[in-house]
Peer 1: 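My questions will all concern the structure given below.
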Protein chains: 2
Amino acid sequence: MTRKKGFTRMTKQRRIILDVLRSTTSHPTADWLYEKVKDKIPNISLGTVYRNLNILKEMNEIMELNYGSTYSRFDGNPQNHYHFVCERCGRVFDIDEEVHREMDRRVEEKTGFTVRYHRMEFYGTCRECQNEKEEE
Amino acid sequence: MTRKKGFTRMTKQRRIILDVLRSTTSHPTADWLYEKVKDKIPNISLGTVYRNLNILKEMNEIMELNYGSTYSRFDGNPQNHYHFVCERCGRVFDIDEEVHREMDRRVEEKTGFTVRYHRMEFYGTCRECQNEKEEE
DNA sequence: TTAGATGCAAAGGGTTTGCAACGTC
DNA sequence: GACGTTGCAAACCCTTTGCATCTAA
């Protein structure tokens, strides 16, 4: 699983993909990033975006999120933090709440497993969507 | 999102899919369920399994989990609970820990969002995998 | 009786990958 | 110069879906 190979080269593509991801708080999809990066590298391919996202993930520079949807979202903040997913509009928000590391220890004691980290995501309705009319 | 339609019929397929899922704690994939159900309904189709899993999910009889993998796993226990995902073998375990509903309220206060529930999953190495030799 | 459910197979759609050319170190 | 990386397009693979047929209520 852990990959020890190179990843030595900081190509223009890799750098710009990371820049774009770091410059937004919207937890974008690979395709959204592809479109954005195309502004700067018009002939970049979607495959390159995916490849670099996977590499950046292995380098612990970014996080991959997949909450319910059929596609992944990416987070340019590699620090563990919690998320909120709006069930109406699908947007993902960061939650400003400390990560409860003590729960990892408690689970370790209970299970005998080794816990490296945990993820937590809240589901509900964001403020904006609360104000919209109900629809069936 | 919320679907008001029928789902009135408890077909043989639906009942057996739910039975099989309820009879395991392994959080199986759709394909695994398909293979198991085939023992009882040899000519059932994979599409039927998927359709029923989606319906059962909407009926709040089961939960769909998608933690990292490209495919979903299903949980026959509709009660919210936490999970542990082994990063080595990929198995998913239930965690016997009360759900911290108070965190939902705290996030609501902080964000102004409406929180319906939260999910939490721990990642690490299960006991069995800890005993296996390291491999690169 | 009849609307929901099934089987089959094809389509969907996000993601991965093989390969030749390219670019970084 | 060597080897990681890219672009392109095809392949993958899990999941959904159209349609004729079937069946639970």
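Throughout, protein chains are lettered first and strands after them, A, B, ... in sequence-line order, and every chain is numbered starting at 1.
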Peer 1: Would you kindly give the CG-to-C1' distance between A/Asn43 and D/dT6, to the nearest whole Å?
Peer 2: 9 Å
Peer 1: Check this for me: does the side-chain of B/Arg14 come within 3.5 Å of the base of C/dA5 through a donor and an acceptor?
Peer 2: no
Peer 1: If I take atom CG in residue B/Leu53 and atom C1' in nucleotide C/dT6, what distance separates them, rounded to the nearest angstrom?
Peer 2: 15 Å
Peer 1: With respect to the side chain of B/Tyr50, which nucleotide from C/dG7, C/dT15, D/dT15 is positioned closest?
Peer 2: D/dT15
Peer 1: Before accepting this row, confirm whether a basic side-chain N of the pair A/Glu121/B/Arg119 lies closer than 4.0 Å to the acidic partner's carboxylate O.
Peer 2: no
Peer 1: What integer distance in Å separates A/Gln13:CD from D/dC8:P?
Peer 2: 11 Å
Peer 1: What does A/Ser72 touch in the nucleic acid at a heavy-atom separation under 4.0 angstrom: a base, only the sugar-phosphate, or nothing?
Peer 2: sugar-phosphate
Peer 1: Nearest to the side chain of B/Ala30 - D/dT15, C/dT6, D/dT5?
Peer 2: D/dT15
Peer 1: Please tell me which of the listed nucleotides, D/dT15, C/dG7, C/dT16, lies nearest to the side chain of A/Asn54?
Peer 2: C/dT16
Peer 1: Yes or no on ring-ring contact (aromatic ring centres under 6.0 Å, His included) for B/His118 and B/Tyr82, after CA distance, side-chain angles and deciding distance?
Peer 2: CA-CA 9 Å; B/His118 70 261; B/Tyr82 298 153; 5.6 Å; yes
Peer 1: State plainly whether the residues B/Glu108 and B/Arg105 are in salt-bridge range, i.e. N to O under 4.0 Å.
Peer 2: yes
Peer 1: Below 4.5 Å, heavy atoms only, C-beta onward: do A/Trp32 and A/His27 meet side chain to side chain?
Peer 2: no
Peer 1: If you check every side-chain atom of B/Tyr71, which of D/dT15, C/dT15, D/dG7 has the closest atom?
Peer 2: D/dT15
Peer 1: Name the closest nucleotide to the B/Ile44 side chain, picking from C/dG7, C/dT16, C/dA5.
Peer 2: C/dG7
Peer 1: Which residue lies toward the 5' end of DNA chain D, B/Gly47 or B/Thr70, if each is placed at its nearest nucleotide?
Peer 2: B/Thr70
Peer 1: Would you kindly give the CZ-to-P distance between A/Arg51 and C/dT17, to the nearest whole Å?
Peer 2: 10 Å
Peer 1: Strictly by modelled atom types, are A/Thr125 and A/Glu87 linked by a side-chain donor-acceptor pair under 3.5 Å?
Peer 2: no
Peer 1: Send over the distance from A/Leu46 CG to D/dC12 C1', rounded to a whole Å.
Peer 2: 15 Å
Peer 1: Which whole-number value in Å describes the distance from A/Asn66 CG to C/dG13 P?
Peer 2: 20 Å
Peer 1: Do any side-chain nitrogens or oxygens of B/Thr11 fall under 4.0 Å of OP1 or OP2 in D/dT23?
Peer 2: no
Peer 1: Provide, to the nearest angstrom, the distance between the CE atom belonging to A/Met10 and the C1' atom belonging to D/dT5.
Peer 2: 12 Å
Peer 1: Please give, in whole Å, the distance from D/dT16 C1' to B/Asp31 CG?
Peer 2: 15 Å
Peer 1: State whether B/Ser45 places a side-chain N or O below 4.0 Å from either non-bridging phosphate oxygen (OP1 or OP2) of C/dC8.
Peer 2: no
